[in-house]
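Working notes, beginning with the structure itself.
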Protein chains: 2
Amino acid sequence: MSTASERGRMPSIRDVARLAGVSHQTVSRVLNDHPSIRPETKAKVLDAISVLDYRPNLAARALVTSKSNMLGILSATVGEFGPTSSIVGIEDAAREAGYSVSTLNLSATTPEAIGQALRQLSREQVDGIVVLAPQVRVFHVLRGMAVDIPFVTLQTASGSDGVSHSADQVAGARAATEHLISLGHTDILHLAGPQDWIEAESRMRGYLEALRDADLPTFPPIRGDWTADFGFFAGEELSRRRDFTGIFVANDQMAIGLMHGFRVSGVRVPADVSVVGFDDIPVAAHVAPSLTTVHQDFTELGRRAVRILLAQIRGEAVPEFGPLQTTLRLRESSAMR
Amino acid sequence: MSTASERGRMPSIRDVARLAGVSHQTVSRVLNDHPSIRPETKAKVLDAISVLDYRPNLAARALVTSKSNMLGILSATVGEFGPTSSIVGIEDAAREAGYSVSTLNLSATTPEAIGQALRQLSREQVDGIVVLAPQVRVFHVLRGMAVDIPFVTLQTASGSDGVSHSADQVAGARAATEHLISLGHTDILHLAGPQDWIEAESRMRGYLEALRDADLPTFPPIRGDWTADFGFFAGEELSRRRDFTGIFVANDQMAIGLMHGFRVSGVRVPADVSVVGFDDIPVAAHVAPSLTTVHQDFTELGRRAVRILLAQIRGEAVPEFGPLQTTLRLRESSAMR
DNA sequence: TTGTAGGCGTTATCAC
DNA sequence: GTGATAACGCCTACAA
């Protein structure tokens, strides 16, 4: 007779069974909380489990059930503050629900790359995927692929029909713009995110809607790339223009760079121009001047995404969260005209 | 006879075998690049594979080989810029080498939590772990646990004997401090990171060594928590002290907060006090005044960690990278005395 | 309530 | 060089 430890193997369900004096099937039932099992039998089994320090083999389970108890994160971001914080929330919620998390970073957002990433994730048999790929393109590819794995996106594209959850970007952008209007600004620019990005579109829409509702002129938005460096150059460029007194910037990084560009060009914030950003990154409150911006709870967003995904996986009713609220944080960079 | 597609299953190695007119074992050999296989047989098999769009089942493979082709990331950070960038590098390198990545965020750094996390990762049968847990405590627990899974840490504790790789924090901190000295400062403070953090210790050591070597007085470091908010309060407090003209801050977030605290307290940077940070986060170049800081390539660090880990896993010689260089970025926040 | 048989898709081991 | 056969550890289905 050879026991598990003698053979240098991890204890299996059969070793537990032998020690508990039951069949391996009974052990399996205990593990899966099968209803019909006598309490004392269950106790014996649990005892044996703890004696042997037995832990179910996940691969074996995955093989036979075709479920991995693993969620995938498909991300196409470059370590920005927002997505990163969301990932923390996703992992947290997933682990809490007993799922492990496999992350996959997209280096390119071509249809091929996306397809390959999805295939990889499906090979890993993830039970569901959280998509953190804020580009419109990815969204379209995803919809066209008819993935058979449940997935949730953390961005709501206009006309989205898939399951998605996000903070209300349009409302946030509206609030930011309306704030500038309420300060007495009438000529308000928008430094937007890249063309393909969903948030960029939503934030731009909020900007446009607010101006239109107030019967103020709109300007063609400037397209940035989210980076502080771009903001800096934009600041230098815009300093030549003096046809505006307020600017809503699609994210804080660019806003901080922009203020730098203004500074070196002699444009004073907020004396000459009021600036409002978006995201409320941790340093936003501390730059000079401190940045008025739109706060959103990225971590909570990630948590909710997992709850939605799990409901989908389990075939339960998908919880109906309203869009996550954003809040305007008033700081020094915006002031009365 | 029932084919895979008829039964709604994914094609298996046997389906490929049937189509190619060989045994399933031969297919397996093709998949694993077994040497002794006739080229034409191999061709037939590869053909069948592509016709069926067959993809090996990872769970089955993991079950029988006890290897998952998966690396684990054990992280105990809160979404800071550095670790986040490293994770990008880790994932990249891992996927490139054909490994998937399972990430696990530690919410607490108690020995129990760490033990649980390691057990979880080992249950997932990860082939190796990259540890991004910069606390000394975690490091000790890890060493004491005699983990049977290869692992690499991204921080070098003094007297480390495990496999680890990191940028040369001490040298970077020395350079930062020596820079202040070279500007003519003689009274230089240090705003340090939390007690338990490895980088905090290294950076403090660099500070102390530089001052000692220059025969300058050292001050007891102030312990911060890495956040900009803490830096702000520290700035307000320190503004009451006027016994120093230079300060080396252990990370950029705190440095930016500190400058804010100085600002509201009437301390001018760099006129009254020169400030140097660490990390070179993207906004460091754009805050006002722009922040002199120490740059390090976090992403490359992550990549290297994976290469080291894979060598360990495969039993190859572990590549000997020297410590990653750091470079001082000179900006406005530090100036001649 | 419990046990027995069979199979999930792959690799390892032995024949041929 | 190739093919049977037997695991790997678990779960589902059916039998007792």
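Chain identifiers are assigned alphabetically (A, B, ...) following the order of the sequence lines, protein sequences preceding nucleic acid strands; residue numbering begins at 1 within each chain. Computed from a prediction, not measured in an experiment: that's the story for all the values here.
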(message) What I want to check is whether the side chains of A/Gln120 and A/Glu124 have a donor and an acceptor closer together than 3.5 Å.
(response) yes

(request) Apply side chain to side chain contact (heavy atoms under 4.5 Å, CB included) to A/Leu121 and A/Ser102, showing your working. (result) CA-CA 8 Å; A/Leu121 248 21; A/Ser102 173; 4.3 Å; yes

(request) Answer yes when A/Arg18 and A/Asp15 have at least one side-chain N-carboxylate O distance shorter than 4.0 Å, and no when they do not. (result) yes

(message) Expressed as a whole number of angstroms, how long is the span from A/Ile13:CD1 to D/dC8:C1'?
(response) 13 Å

(message) Within residues 54-69 of chain A, which residues have any heavy atom lying less than 4.0 Å from an atom of DNA chain C?
(response) A/Leu63, A/Val64

(message) As a test of understanding, state which of A/Ile37, A/Val27, A/Leu31 forms a side-chain contact (heavy atoms from CB on, under 4.5 Å) with A/Val45.
(response) A/Val27

(request) Would you indicate, yes or no, if C/dT2 has its OP1 or OP2 atom less than 4.0 angstrom from a side-chain nitrogen or oxygen of A/Thr26? (result) no

(request) Could you identify which residues of residues 41-51 of chain A place a heavy atom less than 4.0 Å from some atom of DNA chain D, listed by residue number, or say none? (result) none

(request) Please report, rounded to the nearest Å, how far the C1' atom of C/dA5 is from the CD atom of A/Gln25. (result) 11 Å

(request) Take atom CG of B/Leu31 and atom P of C/dT11, then tell me their distance rounded to the nearest Å. (result) 6 Å

(request) Take A/Val306 and A/Asp92 through the test side chain to side chain contact (heavy atoms under 4.5 Å, CB included) and record every step on the way to the result. (result) CA-CA 9 Å; A/Val306 170; A/Asp92 230 55; over 6 Å; no

(message) Please verify the inter-ring angle class for B/Phe298 with B/Phe81; under 30° counts as parallel, over 60° as perpendicular, anything in between as tilted.
(response) perpendicular

(request) Specify the separation, in whole Å, of atom CZ of B/Arg14 and atom P of C/dT10. (result) 9 Å

(message) Please determine whether a side-chain nitrogen or oxygen atom of A/Ser23 lies at a distance below 4.0 Å from atom OP1 or OP2 of C/dG3.
(response) yes

(request) Could you tell me whether B/Glu40 and B/Lys44 have a side-chain N and a carboxylate O separated by less than 4.0 Å? (result) no

(message) Without decimals, in angstroms, what is the distance between B/Arg18 CZ and C/dG9 C1'?
(response) 13 Å

(request) State which residues pass salt bridge (charged side-chain N to carboxylate O under 4.0 Å, His left out) with A/Arg29; sequence neighbours excluded, sorted by chain then number. (result) none

(request) Examine D/dT2: is either OP1 or OP2 under 4.0 Å from a nitrogen or oxygen in the side chain of B/Arg38? Give yes or no. (result) yes

(message) On a heavy-atom basis, which atom in B/Ala305 and which in B/Val152 lie closest, and how many Å separate them?
(response) O-CG2, 3.9 Å

(request) Take the protein atom CE of B/Met10 and the nucleotide atom C1' of C/dG9, then report the distance between them rounded to whole Å. (result) 12 Å

(message) Measure CG/A/Asp33 against C1'/D/dC11 and give the value in whole Å, please.
(response) 15 Å

(request) May I have the distance from B/Gln125 (atom CD) to D/dC8 (atom P), rounded to whole angstrom? (result) 14 Å

(request) Answer yes or no: side-chain N or O of B/His24 and base N or O of C/dT11 forming a donor-acceptor pair under 3.5 Å. (result) yes

